[in-house]
Every structure is written in structure tokens, then in C-alpha cells.
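Worksheet: the structure to be examined is printed underneath.
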Amino acid sequence: MEILTAIIPTIIEYTVKPVSRQVGYIIHNKSNLENLRSQLKKLNLTKERREQTVKEDERKGKRIHTDIQDWQKVADEMIEEANTIFEKEGRANTKCFRGVCPNLISNHQLSRKSAKLARKIELHHDQKEFPIVSYNAPLEEICATPSQNYMAFESRISMVKEIMKEFKKPDSNLIGVYGLGGVGKSTLVKEVYRQATKEELFDDVVIVLDAKQFPELERNERIQQKIAEKLGMEVQGSMDVHIWNRIKDKKSLIILDDVWEAIDLEVLGLRPMATCKILLTSRNRFSEMRTQKDFRLDVLGEKESWVLFEKMVGDVVKDGPIKKVATQVAKKCGGLPVLVVAVASALRSCSTLEVWNDALRRFKSFDKEDLKDKAYLAIEWSYNQLDAKELKPLFLLCGITAGVGCSIFLSDLLKYAMGLNLVKNVDTVEDARNALHSLAEKLKYSCLLLDIDDDGRVRMHELVRDVAVWIAFKDNHAIAKAYGDELKEWPDRNSLKKCTAISLNSCKIPRFPEEPWVCPELRLFYLLNHNIDDSLEIPGNYFEGMKELKVLDVTRLRIPSLPPSLQSLTNLQTLCLDQCVLGDIALVGQLTNLKILSLMKSQVKELPKEIGQLTRLQLLDLTRCSQLVRISPGVISSLTSLEDLRIGSFKKWEGGLNDGRSNASVSELKQLHQLTALDIHIPDAKLLPASMFSDTKLERYTVLIGDCWLFPYIYETSSNMLKLKLTTNSQFDQGIKSLLKRCEDLDLDGMEAANVISYILASDSGKQLKNLHVQNNDAVTAVINSSHAFPNLESLSLYNLVNLETVCCGQLIAQPFQKLRSLTLWNLPKLIGFSSKGSRSVVTTEAEEIISENEIGGPTKLFMDGEVLIPNLTRLILHQCDGLRFLFSYSMARRLEQLKHLEISTCQMMEEIVSTSGYNQEHRDNMFCNLKSLNLQHLPSLTRFYSGSYIEFSLLETLHIEDCPRLGTFIFDRKSEITSIGKENDDRNSKENLETVIPRFLFDEKVGFPSLERLIIYDLPAPMTVWHNQLAQDSFCRLKEVNVYRCHNLINIFAQSMMGRLNALYRLEIWQCQLLQVVFELGGVFEAYDTSTTQLKTFECPNLDFVEIDACERLINIFSASVAKGLEQLTKLSVENCGSMEINVKEKGLEATPKFVFPKVTVVKFENLPQLRMFYPGMHVSEWPLLKELEMTACDNVEIFASEISRFQKKLELGLQCTPIKYPLFLVEKVLMPNLTSLVVRGCSGLRFLFSSSMARSLVQLKNLTISRCQIMEEIVPTNESNEEDTDHNMFSQLQDLKLLYLPNLTRFCSARRSINFHSLEVLHVEDCSKLETFIFDPMNTNITINKATEEIRDSMENIGTDAFLFDEKDFPAWRA
């Protein structure tokens, strides 16, 4: 019975259950199918929502994560499989046995499949939650994708292939492409850029187009900026070093397009080498650039030229008769692509044979041999196709006034065009501005203008500009010279009589003649002086013969008084005296027909009353006239036709319109009924008259009210800006409210800010706002309420709002911060969260509420889960927000995919940046994926960045941690929490105690920094080491700069785990680390304190350039010998105030006599190193071939600075039998410092002599020598101990400055058998050298010669003496410079 009881369950398990399960499929057929339909419906709905999100992100240019795509693919397959089952369902309903019985087999199969598929769909549906759907793809150059007009001609393809072939040669690093302007060099290198990117030959490919566009004085800096931007660098200060260190360890291609002249690549931070290829384009061959290979780009062949012409002109040439004429027209373009495109574009709309025949007839004159003539004539033909009334004169105006880079500001072009009446059928400045933009677009469409830049500049192709100047000269007798040109003599009188325009743009010109020119046809005179300090003057009668002049622009001149002849210009419409130093300008008031007056950036103190006579003036530009302090009363109100007033630099406004005023009143602006554009700064709101802007017609404005604002330096108002500091509620009147409705940039200060915000929220006036800044208010508790927000807001800054509790209060409509990119929260002591419902809780979309300290004592976070989405936030700054304990919830941190800069400082309660409360994920490495800069400063409660198992900051380049006294491990993992294995004592000075405590590390394997370049850590007392012995793979491998200040518990800087990761290290600074003993840890964490356990390890810092160490009292050495042997790039070494310093530590495994070569060191400074005796403890050789400056101060134990290795070995052998031999600081082979120019020795009490005579003769570059406070110094250069005859006449031949100070035992400078000629000596300062008797002791009675020196000798007191000198003469018998 017991046996049956035991086996029956097994029988049921393997027989009854399987049978019942299969029967169940038949019984539950309908329910299984219905369940499948239900699950399929849910899946379809989820899939549709997911597809909408994916499409929306794709429209934004984002890329979809692979797991999302895989989920959708699987969902599609399941849907297709389900539809197949439903199709079979109908056939299965057909009954068997002639319709008597149901088809059990088919039903069973369908039921079984539907049940299993329903379970699969249910499981797949449950996997629908993906925190991040998409990511931002790396931005690529616009030229990375060919334009629709690009054509791959064989002549160009073959050259691209040849260039790519050159790139693959290790010795071909600098390549040039040259050819005629407009031949297609830029197009060619764009294709090279695309090909190099496609073939992945380089890690970085950078292209800088049109390098010549930048002004000469700032060209290098601007090119550097472009290179840095394209490399993704955020650099401040000197960029050349940063660029070089960014590219030198990678394979890089740098393309500089259209270089005007020879350029110093190293100034840019570039150096042609096997890993850094450089491609240049220019109009001329690179004779001065030493390119390894030059490619000449010729014009297109006839066939290729026609193919391009045909594409640009369109279908019109498919007509047989027109095509025959068109091919001849194309030939006339000479194969120059810029001409082909220009001519074809102009003929695109010409569909009749007559027009084409006329075009060909006019092209007959193009049959000249010089291709440039053909180019000029062809572009002239395109010019002739323009509208004669507006486009033609505007094109010529652009050409003759374009400056450096062939560009001109549209704001300047507006002033000229209005003065010359080039813009037709407009009545107002605003209409003219709009029309000008439209005309510029038309010229751009005709290929005669290039792009219009964001700063309002319009550019031309240089060849097109040259053609414009040529046409203006040929047709209108215009004289135009641009930057770099020289006008050697003025035109003759007959030419001047015909001249219609003179443009002298920053070029060399002769002095103006005293006799006035007679220019009856002259309409425009433009003079831009290259340097305001030039003595260029305009004669008083200069303008007498220019009666018809309409536009006069004189820029960058000193004009104490205006030329009297100016008043004869009665037809003048535009007068620009920009960037000038001006005296009395009352004479301008005589120009009563003037419409535009510009004094932009000029030094002018007063706008006199005579200016009020300009009743026809429409535009007055006083932008950046910082010295303007007086505007005569009534002047502004008299300018009744004024439409555009730019007066933002003037602050001396007065109130009211009383007769006793001495300056302009704000009330005068109310008389300007035509005003549509205004830039103004009113320092006190009390000066505002009632309803100042109530009847305003302002279309564009920058209005600042209050003394706390700085006026933005802009050339032309591009967006409406309003900055308010109101003192009473009455000042917030209907006029200000009307400005708010059009405002895009709004700054608020003071108590009335709360009322302004309340009005905006209540009136729905904030929808157009892009930038909002609020400061200095103790009434504002929230900025955004429940009903309204700022949907277009891009930047939000909140400063000194002491009672602000939350940024958003109440239920938000949709997501109001989709466009927000920058958020700054500064000194908000009561802030408890970004968003809250009521006063304390937030809007929750994921069932989590904010927890504030005054509720249950839980954490206060700025951003909570699901609280608010800011998907495009790139910059977040948080300062002095003392109510916050945490910054982000984990889910919020993951949503900030675009965040690039994060700065948190002076937040007293901040404990953790990312709170993981309530989350149990093992890996949280998908946050802050685009963060480039992280600053954590002055956070006294911060203990960690966050708690988790791992996080990677994949793009982080700069990490700055300062004054975070409780910060231990950067990423804290509770599962691997370090515990103490011994008694931890505050006294960590003893080795015994250090060996019984597990050290604290700042970084370990739980955090990854694969892109980190700059690490700054200040005032971190908790960590004992920076790096743990286990680090994440590839972490810290790009580190270039390390700064460690006041980290008093650090015992080393670089642990063994950093070996192999310091190849990019460029700069190292260490200050005031009290317990620091070694920089490079050779053994385990504590083995540095027990040399018996030290093992040979290898650190390599091949790019280390700068080392500075100060006030590390226990530091024993800086370098291990292996590190020192590889410092080939080191240029400066400075060590100060390190009482235990020895410089280098000896390592096992090195050769018996290691050789240290420092080929690039130029500066060495050793100061207050009382224990320093030698550079390396043992036999060694060192070389310092480029050393120029050497300073030794208070190095008391240094008795011999350097000795030759061969001579020292002999002394060492003798020393074994007698007294011990004292080691010199350096052992050298031959020349120690052949390029030394400055030597300073102070407070080295062990020195008796400084130089041997052979050493002194070798220092042929020495210019400055200072020896002071060396108590036993007897002689600078002692008597030659050898039998060689001295040749002292060349000694110190370059010395310019000699100082001997406080040397109580000095008896003479030197002993010499021949005269010493200090030919270059200018300063001789001798002070407190009481035993000095004869400056030069000469047994042969030969005198010293001092040509230029000023002697100053003073007596002193003390006498001390021992026997040692710095340079041992007998050790350097063959020493020569």
C-alpha cells in the first residue's frame, strides 16, 4: 500500500496532467482566442504610443536606442503571428463528419498556439517601460553631407584620392591645395573631409572653412576657437597648449580652408607629424609653409563645366535650340565653378531662345586670354541680370564697403542704403530694415552673396567682391581699397570729378591734400582708419567740393574739432563718426537734411543743443558711447522724426521737463511719436514719467531701468529685452505692461519683481519669453503658478530670492520646460524643491511625492521622480541653496540626457547629489551621459556623489571638487563598504598607525571617467589617497591636468593603479598637502614608508610639461627614477618649502649609472629645501641643454651643484680610502647648462665658491647673476687650480646684471690672469660684503673693464667660513659652451 501511495502521484504527474492540459486546449478554445485578442489590443495600443514617441524624437534629430527598435520588431512579429491565427480560426470552424462534429484537431492547435502566444505577448507588453527612448547623435559638420548641388567630377575625385593617398604616408604631414578663387577648393576639401570621416583614418577630423574671414589681429585666436569648438573642447585662456594636448595622442586631420598668407601652425597648437595631418587651401602656392605635397586645382574641363551648368540651369536647356546656345554660354564661363553656378542661376528662369541669344551676344566680349578677366566679365553678366533699382546698387555697395573677410554688418549697410536711397518705396526705418533683409536674401539666391551670419553680418565670395569693386570702378568711377591694400597716391583731378564713391577700408593711404577735392558726383565717402593713433587728419576745407555727398563714414580717427567744410554738405543723409575720439560736434547741427547720425563706440562727452536742429533725423546711434555724460535739454524731444534711438550707454538722465535742467530728461522721449526702436538705460525708476510707454509703437527695444544692470553690447537689437528694477508699484504702469507683451528677455530686480511676475502669470504675458532672470527679492515664493508657465523659456536664473520655496507651484499644464537649456539657482536659502503642489508637495506622475524636512524628516530634493521634465537642459548651476539635502532623484538624473555643465556650490545641507532612495538597481551607469563639466565646491555636508554599484561619466572632461570636508569615496556602494581593521587614531603621523587603518579613496572601480582631462581637488581632508588600487577600465587615461591643494591627509598622489594611465598628463600642481610623502607610489599603499618592500614599478608621463609643488613638508621625493627618465616634454620644475625633499627616489632594477635627460626644461626653481643634497641618490648622469633660468634659495645641504661623472668616479675611488666624498646635486657628462641666462642663488649656507673658471667661461648666455645671503661664500670664481693658462677675456661677456648681496665672507669676485671685459654689464649692485677688498684679484696687475655698469657698494658686518663650492672646476676641465 505504501508503494502505491508513493508511485500514484508520479503516475498522475506524467499521465493525467498532460492529457488534461491537452483536453483543456479544446475546452478553452474560445477563451484562449479571446484572451489573445485582448492581449493583442493592448500590445497594439502600446506599440502605437511607442511609435509616436519614436517619430517625435526622430523629428528632433535623435537616434533611437537599439532595445526600443528590437522591442518594436518583436511586437510586429507577434502581431503578424496573431493575425495568422485569426485567419485560421474561420477555417477551423468548418465541422467534420459532414458538419456533425467540430474539427477538434484544428481547434486544439489554434487554442494551443493562441494560449502560448497570449502569454508571450503579455510578457513582451510588460517589458514596454524603457526609461530612455532615444539619445543625441554626435553633431556632425554640415559639410559631412554633400549638398544637393554637389557633383563628383572625375577631375576632383582623382585629386581627392591622391590627397587621401598622401595622408597614408607617414612622412607626408602638411599638404596644400591651391588654385584660382572660385575654382572649388572649399568644395574639394569638404569632400576630403567626408572621405576621411568615412574611411575612419583619423580619430578627429576638423575643418575650418574660410579662415581668412577673421580680422588679422585676432585671426589665430579665432581659428583656435573654431578648432576647439569642433573638437568639443571648452577652453578658457591660452588655447594652443590645450589644442595640442587634445590632438597629439590621436590621429588627427586638421583642414584650414582659404589661408591668405603663411600661418604659424604652432601658435595655433598644431604641429605636422605622423599623427597630425594638416591640409591647407590657398590662392597661391605654399612657398613659405614647407608643404610636403602641393596640389594645383585647375578649372573644370569643358565637359564637366557643361554638366554643372546643365544641373544648375535646370530643364530649360533640354530644348534643342536653347541647349545649342547654352553650351556656348557655358564655355564662356571658363570652367570656373563659381561662375558657372552664378551664370546658370541667373538664366534658370529664361525660357525663350531670344533671351539666350542675347546672353550669348553679350558674352562675346569674354574672349580674352586671361581667365580672371573672364571671371570678372562673367560675374558682371550675372550682376546685369539683377534689378537695376535696388539689387544692383546694393550689390556694389556691399562690394566696396566689405571689410576683413569680405563681410559687412547689415546694421551698417542699412545706414548707407538709407542715406543713398537704395531701398525703394519705404517710409520708415523698420520698413527699410525689413526690405534690406529681403534684398540680401535675393542676392544670396543669385549666388552673389554668401550666408548671413547670426551676428548680422553678410559675406561675399572674395572673387565676387573683387568683381563688385571692379564694376563699381568701371561703371561708377568708384574708388575702393580694402584691408591690406595700399593707395600710393590720390587719383588725378579728372578722375575725382567723375568719382561717385570712395571707400578706404583699413588700408594704407597718403596724407590728405591741403587743397580741397572737387568731386561733384561723389555720393559716398567711407574711411576706416586702421589705427586710431595714426596721425591721419582731415583738412578743414576737405569737403568743400563734395556738395552732393549723401553718406559720410569716418571711423577710428581723432577729431578734436570737425572740419568747417562739413557744414557745406547740405545734401548729407548719413553721417557716421564711429570709434572716434571727438571734441566739439556742434557743427553737425548745421546738417539739417541728415537722416542718420551714428557715433557708435566713440569717445564723446556731450551731445550739444545744436543737434536738436536735426528735425529730419530718423536714426541716432550712440551705442557704447561710454564717456557721454551730457545731452543738452530739449535735444531729444526736438528730434521729432526719430524712429530708431540707440542710447543705452547714457545714464545721466534727469526727471521732468523743468527749465532748470542741465541734462536730458526721460520725459523727452514721449515727444518722439515716430519711435519704433529704442535702446536705453534709465538708472533710476523714479525718473520714469507716468505711462512712459503706454502709447508706444516700439517694434524692437532694449530697455534697462535701474542702476544694477550692465547694458549688453550688441550691434543691433535682435530680440526685445527688458530689465526692470522698480521701486514702487505705481511705476509698474500700463506702459511697462505693454512692453512685457513683446518681451523675449526679461530681468527683474527688487521688491516689485513679485508684482511683475504675478501680472505675467495672470495675464498670460509670458508665452513669448525666452530668458527670465529674477534677483534680490524677499517676497517671491514661487515663479510659476498652477495655470500659466513659460513654454518657450530657454534660460531661467533666480538670484537672492531669500523666501523662494519652489520654482513651480501647483498643477502644471503639460510640460512647460521642454525648451529650457540653462537653469541657475543662486542664494535661495528656503528652496525645498523645483516644483510643488500647494506649498510642499510636487506634481507626481510616478506616484512619488516630495518629502520635506518639516514633514517627516526625510530628504529634500530639488528634482523628484516624475516631477517635471526638462529634456533639453544643458547647464545647471546651484549656489547657496541651504535647504536642499539632495539634488536629483535617480530617475530625474537619468532624464537629463543633454546636461553638459553641472555646478553645485555653498549648499550647507547637501549630502548627496543623486539620491537612490527606494531604488535597488545593481547598475546605474546610464545617467549624465553628455556631462562635460562638473563642479562641486564648498559643500560641508557632502559625503558622496551617489550610492550605487557603478556610474560612467563618458564625456566628462573637467572635474572640480573643492572644500567638501566630509567627502570620502566619490561613488559609495553599501555592499562593499570599507571597514576599519584596526584602531583608527587621529594621529596618523606614525607608520604603525597607518598600517592598521584601511585608507579612504576618492575614486575606485565604481566610477568611470574615460574622457576626463582636468582634475582639480581642493581642501578634501577625508581621502588618504586619490585613487584606489582597482579602477574602471580606460578610466583617467586622458588626464592632462591635475591640481591638488590643501588635501592634508593624502599620503600619495598617483597610486599604482594609475600606472599606464598618465600618458596624456601635461600639468601637475600640488600645494599644502601636509602628510604627502610621495607623488608616485612605487609599492602598495603603505609600502612607500618601508623601502625594504618597495618593488620596481613603471610610471610613464611622456607629455608632462609643468610641475609645481609647494609647502608639502613631509614630501620625500617627486619622481621615481623611471618617471624622471621619461620627462622629455618637461619645461618647468618648481619645488618650494618642502622640508624633507630629495627630488628623485632610487629604484631597483635600474642600470648602475642611470642617465636623466631633460631636453626641454627651461626653468628650474628650488626654494627652501633644507634636506636637499642631490638630484638622485647615487651615481647618475643628467643633461639640461635648454635650461635658461635657475634659482636656488635656502638649500643649505647643497654643497656641490654639479660634477662631471668621470672625475667624480675618480674622487669616489679615492674616497673609499680616505674621507667620504660629498655627492653633487647633479652628475653630468659634459655641458651642464649651455643656454643658462639667469642664475639666482640665495641662502645656500654650504657654498664657499660658486663657479670654477671653466664653468664661468662656458656660460656664454648668462645675462643675470644674483648671489645673496650665502654666509661662507668667499669667492665667486676661485683661482684656477690647474696649470692651464686662463683665457678670462671671454668670461661673462653677455652678463648684464650682477648682484652680490649680504655675503659677509666674500673677499673678491674672482682671480684672473688676464683682463675681464664685462662688455654688456649694465647694473652692478654690491651690498653688505664687508670683506670685499679687490673685485678682481689680478696677479698680473691687469684691470677690470666695466663699460655700462652702475656701481653700488655698501659695507656689512658678519664673517663665517667653511670649505665647499658649488661648481668643482677640476671636474670640468673640458667644459665649453
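At a cut-off of 3.5 Å, with distance as the only test, a side-chain donor of E166 or S172 sits close to an acceptor on the other residue. Between the side chains of Y1018 and Q937, no donor-acceptor pair of N or O atoms lies under 3.5 Å. In this model, no donor atom of one side chain and acceptor atom of the other lie less than 3.5 Å apart for T555 and D578. At a cut-off of 3.5 Å, with distance as the only test, no side-chain donor of Q1294 or K1263 sits close to an acceptor on the other residue.
Put simply, the side chain of S503 never gets that close to the backbone of Y526: no donor and acceptor are under 3.5 Å apart. Listed for the R1014 side chain is no donor-acceptor partner under 3.5 Å among the backbone atoms of K1040. The main-chain N or O of I1070 is never found under 3.5 Å from a side-chain atom of N1043 such that the two would form a donor-acceptor pair. A donor-acceptor pair under 3.5 Å is formed between the side chain of T1131 and the backbone N or O of D1105. A donor-acceptor pair under 3.5 Å is absent between the side-chain atoms of R1067 and the main chain of E1041, judged by distance alone. A donor-acceptor pair under 3.5 Å links the side-chain atoms of N529 to the main chain of R556, judged by distance alone. Using modelled atom types, one side-chain atom of Q292 and one backbone atom of L174 make a donor-acceptor pair closer than 3.5 Å. Under the 3.5 Å distance criterion, the side-chain polar atoms of N1103 are matched with a main-chain donor or acceptor of N1063. With hydrogens and angles disregarded, a donor-acceptor distance shorter than 3.5 Å links the side chain of S282 to the backbone of V259. A donor-acceptor pair under 3.5 Å is formed between the side chain of N505 and the backbone N or O of T401.
For the pair M1058/S1035, no side-chain contact is recorded, criterion being any heavy-atom separation below 4.5 Å from C-beta on. In this structure, the side chains of I408 and V458 come closer than 4.5 Å at one or more pairs of heavy atoms. At least one side-chain heavy atom of L188 sits less than 4.5 Å from a side-chain heavy atom of V177. In this structure, I509 and L536 have side chains that are in contact, with non-hydrogen atoms separated by less than 4.5 Å. Side-chain contact between L956 and F928: absent, with no pair of heavy atoms (C-beta onward) separated by less than 4.5 Å. Side chains of P1102 and Q1129 form no contact here, defined as non-hydrogen atoms less than 4.5 Å apart. The shortest distance between side-chain heavy atoms of L1127 and C1101 falls below 4.5 Å. At least one side-chain heavy atom of F1054 sits under 4.5 Å from a side-chain heavy atom of L1062.
Few gaps surround NZ on K250; more than 12 heavy atoms of other groups in view lie less than 6.0 Å from it. The 12-atom threshold is not exceeded at CD of E1100, counting heavy atoms of other residues, nucleotides or ligands nearer than 6.0 Å.
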**OP:** Mind running ring-ring contact (aromatic ring centres under 6.0 Å, His included) on F202 and F167 for me, showing each step along the way?
**Re:** CA-CA 10 Å; F202 305 92; F167 285 154; 5.7 Å; yes

**OP:** Could you give me the CA-CA distance, side-chain angles and deciding distance for I1118 and L1133, then say whether side-chain contact (heavy atoms from CB on, under 4.5 Å) is met?
**Re:** CA-CA 10 Å; I1118 306 173; L1133 173 62; 4.3 Å; yes

**OP:** For side-chain contact (heavy atoms from CB on, under 4.5 Å), just list the numbers for L934 and T958, CA-CA rounded to whole Å, side-chain angles, deciding distance to a tenth of an Å, and then say yes or no.
**Re:** CA-CA 6 Å; L934 173 60; T958 299; over 6 Å; no

**OP:** Report the C-alpha separation of L1065 and V1042 in whole Å, then their side-chain angles, then the decisive distance to 0.1 Å, and conclude whether the side-chain contact (heavy atoms from CB on, under 4.5 Å) test is met.
**Re:** CA-CA 8 Å; L1065 187 64; V1042 175; 3.8 Å; yes

Original post:
Between Y1045 and I1017, is a side-chain contact (heavy atoms from CB on, under 4.5 Å) present by the stated rule, with each step listed?
Top reply: CA-CA 6 Å; Y1045 296 172; I1017 53 176; over 6 Å; no

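Minimum interatomic distance between M460 and A468 (heavy atoms only, all atoms of both residues): CE-CB, 4.4 Å. The two residues C507 and A482 have their closest heavy-atom pair at CB-O, 3.3 Å. Nearest approach of L1236 to E1189, heavy atoms of both residues: CD1-N, 4.0 Å. Minimum heavy-atom separation, R465 to G399: CD-O, 3.4 Å. Scanning all heavy atoms of the two residues, the minimum distance from D412 to M600 falls at OD1-CE, 4.5 Å. Among all heavy-atom pairs drawn from L253 and A196, the shortest one is CD2-CB, 3.8 Å.
If you take CD1 on I175 and OG1 on T281, they are separated by 13.0 Å, rounding to the nearest 0.5 Å. Atoms CD1 and OH, from I207 and Y193 in turn, are 7.5 Å apart once rounded to the nearest 0.5 Å. Taking CG from L1039 and CD from E1013, the interatomic distance works out to 9.0 Å, rounded to the nearest 0.5 Å. Atoms NZ and CD, on K1160 and E1128 in that order, are 8.5 Å from each other to the nearest 0.5 Å. Between atom CD1 of residue I278 and atom CG of residue N173 there is a gap of 8.5 Å, rounded to the nearest 0.5 Å. Atom NZ of K251 and atom CG of D204 lie 12.5 Å apart (nearest 0.5 Å).
In summary, K198 and E200 do not engage in a salt bridge, as defined by a charged side-chain N under 4.0 Å from a carboxylate O. Salt bridge status for E162 with K165: absent, with no side-chain N to carboxylate O gap under 4.0 Å.
Across V1107, V1044, L1068, a single residue satisfies side chain to side chain contact (heavy atoms under 4.5 Å, CB included) together with V1079, and that is L1068. Evaluated for a side chain to side chain contact (heavy atoms under 4.5 Å, CB included) with H901, the options I877, L876, L931 yield exactly one hit, I877.
For the pair R296 and Y178, the cation does not sit on the ring face, since its NZ or CZ is not both under 6.0 Å from the ring centre and inside 45° of the axis.
Relative orientation of the F1036 and F1009 rings is tilted, given thresholds of 30° and 60° on the angle between their planes.
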